[in-house]
Structures are given as C-alpha cells and as structure tokens.
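I have placed the structure first, in the form of structure tokens, so that the comments after it can refer back to it.
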Amino acid sequence: MKYWEVIRIGTDAEMRKNLRQARKEKGLTQQKMADLLGISLRYYQQIEAGDRTGDFVIWDMLEDITGIHQRILREISHGKVNNL
C-alpha cells in the first residue's frame, strides 16, 4: 500500500470549512463576524476562503466568539485507510 492510499492531506478549503460552519452555527453573517473581530468584511472573507491566514490575535478572538478551540477551527482533515 502506498502512503497516498493511506492519508489524504486536507486542503486549506477543507480547513476553513470548520470556520464557516462554526460561524453559521452561531447565527453570524460574515459582516457581523468581521465587525466582532474589528476587521474589514473583505479581510474576513479572505480568511474564511483560505486566501489569508489571519494572525494569532484573530484566531484567539475566533475561538472566543465561536466557543471552539482554534486547533479544531484550523484542523485539516485526514482520510481513512483505503482498504483495497
């Protein structure tokens, strides 16, 4: 079995899916989240889309706002073992 059959490395888009889902579960729009973070809407959209990373302060605030640890928000998913 080859290593790429065992682990599928997640993409930035997959990682940001957690952030988008957490925001929606809190009932927040992207604009409201940007306002709470004190950043522009465009900057927040770029973070959520994975185009920008955001600094540690932003991720600390995202953790506080969503109630979800930033390691989970930033988590990259891994695939299961391929049973070929």
Is Ile72 reachable from Leu62 through a run of I, L, V, M, F, W or Y residues, each pair having side-chain heavy atoms under 4.5 Å apart?
yes

Applying the 4.5 Å side-chain criterion to the ILVMFWY set and letting contacts propagate, would Val57 and Tyr43 be lumped into a single cluster?
yes

Does the side chain of Ile65 come within less than 4.5 Å of Met33's, by heavy atoms?
yes

For the residue pair Gln21 and Lys24, establish whether any side-chain heavy-atom pair is separated by less than 4.5 Å.
no

Can you check side chain to side chain contact (heavy atoms under 4.5 Å, CB included) on Tyr44 and Asp35, steps first, answer last?
CA-CA 9 Å; Tyr44 179 76; Asp35 292 344; over 6 Å; no

So, for [X] and [Y], which heavy atoms are closest and what is the spacing to 0.1 Å?
X	Y	answer
Arg23	Leu28	NH1-O, 2.9 Å
His69	Arg71	ND1-N, 2.9 Å
Thr66	Leu73	OG1-CD1, 3.7 Å
Ala34	Ser40	CB-O, 3.7 Å

Rounded to the nearest 0.5 Å, what's the gap from CG on Leu37 to NZ on Lys32? Could you check?
11.0 Å

Return yes if some donor-acceptor pair links the side-chain N/O of Gln70 with the main-chain N/O of Glu63 below 3.5 Å, else return no.
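No; zero donor-acceptor contacts below 3.5 Å.
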
Report the residue from Asp55, Thr53, Ile39 that forms a side-chain contact (heavy atoms from CB on, under 4.5 Å) with Ile47.
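Passing option: Ile39.
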
